[in-house]
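Contents: one structure, followed by commentary.
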Amino acid sequence: MKLSVIGCGYLGAVHAAAMASIGHDVVGIDVDERKVASLSAGIAPFFEPGLQEILAEGIASGRLRFTTDMAEAAGAAVHFVAVGTPQQRDGYAADLTYVNAAVDELVPHLAPGDVVAGKSTVPVGTAAQLAERIGPTGATLVWNPEFLREGWAVKDTIDPDRLVVGVPAGTDGERAAETLRGVYHTAVGKGTPYIVTDLATAELVKVAANAFLATKISFINAMAEIAEATGADVTQLADAIGHDVRIGRRFLGAGIGFGGGCLPKDIRAFSARAEELGRGESVAFLREVDAINLRRRERAVQLVVEGLGGSVFKKNVTVLGAAFKPYSDDIRDSPALDVAVRLHGLGAWVTITDPAAIENARRIHPQLNYVEDRDEALRGADAIIMVTEWDEYRRELDPAHAASLATGRVAIDGRNGWDAAAWRAAGWTYYGMGRP
Ligand code: UGA
């Protein structure tokens, strides 16, 4: 099938390459010439496992190409809109500038029978407004939210755990749902749940899923705060409650909390939209979810200060990790980087390392000392703190080896990923997040 993907950021670039990899003929369109040049050369503009391969393959096969010219969308049966919806500069609501601009530019190139499939995360009600704009073209607007996780984006796109398509009532909607079923033929063929719903439900499914995940993380971080006041161990607590299949252990990782380009902005945009709908009370808890989350960053900083005897001033602190999570070079709202910057602000000499995110982090926070090599970064540290649980920090860092490099013996485990007993046995004063 011939497809266009408008917006080639994280979501769009992966979607375009993944759709080409399952046999579609795809054109990716973006206003950013540098991004288009990189993608056209088969080079992934960001770190995402597996993307490089399917991108290069798609370009070589001739099934995948990228352009800045929106006119090239003409002739595609489905146009995916995958542009960003960042938080507004002056509020919590989502900024819809890019979505509106993309649709306005696309309209002149639409033909009757085309399907426009929104993938961006938008406030509920946006799709209905966009449907009015494209109505006169004879194309049909559907909403097809994306649930991919960074680090697993290729797998999540090709082999998702569910597909959701919101369509308008009537035969156009039914036909569009069938068209999308054809786009996702490989996943549908494997029996992946294919949920056809109305536009508003589809928009809400996305924000509800992210709100739930954020709430789950903040719930366990709230328990970490209680554990800190009582001497309990939140990791054991999470294991114990996680055995209840109704609760489940995943996303009960207490630590410095969630960040990234999705969960933080999505819960805020959801609150803002609920207020507009006169239902602010219904999601008032999301404000607490946000507040708990942000407190954990401060707690991690406090632990470093405490470990170093009350002040980090002129102390060497090594921060392991900059990305908002492992297997990503994304530093958007990264709690890891935030902790590093706060420590720097308190007068610490911060050395930070990360297997993938140094370049991005340096651009935004040039004041920190970046070191590529983990062991080099550990050398001479008065305290070390793990804030992104990459394997080389979490599993592969032997506490005795770390002790042979560092000067001090203060280890803060911002992701509760280390074996506390092993670190203590190697002579470290170990601090976890909600662990004794
Ligand atoms: C999230 C959702 O998981 C995806 O389903 C969704 O499609 C995506 O947002 C989106 O809206 O585009 P992502 O931002 O890639 O995906 O990252 P997550 O894996 O959800 O992690 C988010 C943050 O939560 C990270 O900072 C991570 O370190 C943190 N986290 C995760 C915890 O602190 N504890 C946990 O137990 C799990």
Side-chain angles (χ1 to χ4, degrees), residues 7 9-15 46-49 82-87 94 119-122 144-157 160-164 203-224 234-235 237-239 241-242 247-270 289-290 292-297 299-300 321-339 354 357 386-390 393-394 413-417 433-434:
Y10 218 102
L11 170 57
V14 173
H15 193 68
F46 49 83
F47 175 88
E48 178 62 42
V83 294
T85 50
Q87 185 177 325
K119 292 198 85 63
S120 309
T121 302
V122 292
N144 172 219
E146 181 57 59
F147 307 104
L148 66 81
R149 299 157 296 167
E150 292 187 17
W152 305 92
V154 172
K155 188 239 153 234
D156 285 351
T157 306
D161 51 16
R162 79 285 207 192
L163 288 154
V164 176
E203 292 171 303
L204 269 177
V205 166
K206 169 67 192 195
V207 282
N210 276 2
F212 190 87
L213 294 171
T215 303
K216 203 171 175 190
I217 299 168
S218 278
F219 175 83
I220 203 64
N221 279 327
M223 295 305 105
V234 75
T235 59
L237 180 145
D239 289 344
I241 64 172
I247 296 172
R249 180 63 173 83
R250 294 177 73 185
F251 271 66
L252 284 183
I256 60 167
F258 60 80
C262 302
L263 299 193
K265 84 159 169 73
D266 287 355
I267 59 169
R268 290 173 190 167
F270 196 7
V289 166
D290 203 355
I292 293 163
N293 189 53
L294 295 175
R295 283 204 295 272
R296 299 315 284 164
R297 302 173 182 195
R299 172 67 182 161
F324 85 106
K325 68 171 191 181
Y327 314 109
S328 169
D329 65 355
D330 199 340
I331 52 149
R332 285 178 294 170
D333 203 349
S334 167
L337 201 49
D338 193 13
V339 166
D354 190 286
M386 175 175 68
V387 279
T388 314
E389 66 278 34
W390 288 95
Y393 311 145
R394 180 187 187 164
D413 184 358
R415 293 294 185 176
N416 287 340
M433 302 287 295

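Indexing begins at 1, ligand by ligand and atom by atom, following the structure's order. The figures that follow rest on heavy atoms only: side chains count, while hydrogens, waters and symmetry mates do not.
Atoms CD and OH, on Glu48 and Tyr327 in that order, are 12.0 Å from each other to the nearest 0.5 Å. From Phe219, atom CZ reaches atom CD1 of Ile247 across 7.5 Å, with rounding to the nearest 0.5 Å. We find the CZ-CD distance between Arg394 and Glu389 to be 6.0 Å, quoted to the nearest 0.5 Å. Here the CG atom belonging to Leu237 is positioned 9.0 Å from the CG atom belonging to Leu252, to the nearest 0.5 angstrom. Remark: Asn221 CG to Ile292 CD1 distance equals 8.0 Å, nearest 0.5 Å.
What sits closest to atom 36 (O) of ligand 1 on the protein, heavy atoms only, is Gly253 N, 2.8 Å. Protein heavy atom at the shortest distance from atom 24 (O) of ligand 1 is Phe258 CB, 3.1 Å. Atom 20 (O) of ligand 1 has its closest protein heavy atom at Phe251 CZ, 3.3 Å. For atom 9 (O) of ligand 1, the closest non-hydrogen atom on the protein side is Cys262 CB, 3.3 Å. For atom 21 (O) of ligand 1, the nearest protein heavy atom (residue, atom name, distance) is Lys325 CD, 4.0 Å.
Taking a 4.0 Å cut-off on heavy atoms, Gly259 registers as neighbouring ligand 1. Ligand 1 lies less than 4.0 angstrom from a heavy atom belonging to Leu263.
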Verify side chain to side chain contact (heavy atoms under 4.5 Å, CB included) between Phe270 and Leu204, making sure each step is shown before the conclusion. CA-CA 9 Å; Phe270 196 7; Leu204 269 177; 3.9 Å; yes
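The residue from Glu146, Lys265, Arg415 that puts a heavy atom closest to atom 28 (O) of ligand 1 is Arg415.
Side-chain contact between Cys262 and Thr121: absent, with no pair of heavy atoms (C-beta onward) separated by less than 4.5 Å. Side-chain contact between Ser328 and Phe46: absent, with no pair of heavy atoms (C-beta onward) separated by less than 4.5 Å. Annotation: side chain of Val234 is not in contact with side chain of Met433 (no heavy-atom distance under 4.5 Å). For the pair Lys206/Val164, no side-chain contact is recorded, criterion being any heavy-atom separation below 4.5 Å from C-beta on.
With a heavy-atom cut-off of 4.0 Å, Leu148 touches ligand 1 through its backbone alone. For Leu213, every heavy-atom contact with ligand 1 shorter than 4.0 Å involves the side chain, none the backbone. Residue contacts with ligand 1, taken as heavy atom pairs separated by less than 4.0 Å, involve Lys206 solely via side-chain atoms from C-beta onward.
The Leu252 neighbourhood of ligand 1 comprises atoms 36 (O), with distances under 4.0 Å to a heavy atom of that residue. The distance from ligand 1 to the heavy atoms of Glu150 drops below 4.0 Å at these ligand atoms: 15 (O).
Backbone and side-chain nitrogen or oxygen atoms of Glu389 are examined, and none is located within less than 3.5 angstrom of a nitrogen or oxygen of ligand 1. In terms of N/O distances under 3.5 Å, ligand 1 is approached by Phe324.
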